[in-house]
Amino acid sequence: MISEPVILGLDPGKTTGVAMIQVIENRIKPPLYYAECKDETLLDIEELFDKADFIVVEDFKTRPGKARQGAFDWDQMIAPQVIGAAKSLAKRYGKVVVLQQPALKPVAYGLSNQKYVPGKKGMHCQDALAHAVFYSVKYLSALPLSSGKP
């Protein structure tokens with residue numbers, strides 16, 4: 001395993017949430033980077049792909065029920081485009097993209113000591129952090145974040 005791994009979490013969309021964390025001695029350190037990116041190609045944050053050891057991205061799937069209701073009619077499908085951009089940048093830097101399902105968010109929010117509110121808009125950075133923390137706890141043996149001091 002990589003010592004002191006750096007994890008880049010992304011919540012893709014027209015506004016992409018970005019959170020980069022590091023795990024040191026099984027503890028998740030405060031975000032090295034925490035912001036929103038409006039560049040759908042992700043070139044504005046390309047250097048983060050080089051610095052990251054793991055890239056964790058919230059997945060997007062067209063749900064059949066929503067599709068049949070016309071929810072995606074004429075939709076530009078920005079989230080899948082951003083996921084494609086993430087995959088391209090990851091390949092450029094020899095990194096692997098891990099896709100996480102949105103259904104993990106309630107648990108991921110708990111592990112990252114955040115309050116999950118279903119359907120709340122504008123939580124892009126928080127979602128990105130939750131995905132990075134979930135990966136760190138599940139696969140890198142990091143301790144969940146708590147309300148106390150690290």
### Query
Roughly how far, to the nearest 0.5 Å, is the OG1 atom of Thr41 from the CD atom of Gln81?
10.5 Å
Indicate the atoms forming the closest heavy-atom contact of [X] with [Y], along with that distance.
X	Y	value
Leu140	Asn26	O-OD1, 4.4 Å
Leu129	Pro31	CD1-CG, 4.3 Å
Lys95	Ile55	CB-CD1, 3.5 Å
Leu42	Cys37	CD2-SG, 4.2 Å
Ala52	Leu8	CB-CB, 3.8 Å
Ile28	Leu143	CD1-O, 3.6 Å

[Y] and [X], any side-chain heavy atoms less than 4.5 Å apart:
X	Y	answer
Lys105	Asp127	yes
Glu36	Cys125	yes
Phe60	Val82	no
Phe49	Lys91	no
Glu58	Gln101	no
Gln100	Phe134	yes
Arg27	Ile24	no
Ile21	Ser136	yes

### Query
With no hydrogens and no angle check, is any side-chain donor or acceptor of Glu40 less than 3.5 Å from a backbone partner on Ile78?
no
### Query
Asp39 side chain to Asp44 main-chain N or O, any donor-acceptor pair under 3.5 Å?
yes
### Query
Going through the distances and angles, do Ile83 and Leu10 end up as a side-chain contact (heavy atoms from CB on, under 4.5 Å)?
CA-CA 9 Å; Ile83 292 169; Leu10 300 173; over 6 Å; no
### Query
Have Tyr116 and Gln126 got a donor and an acceptor in their side chains that come within less than 3.5 Å?
no
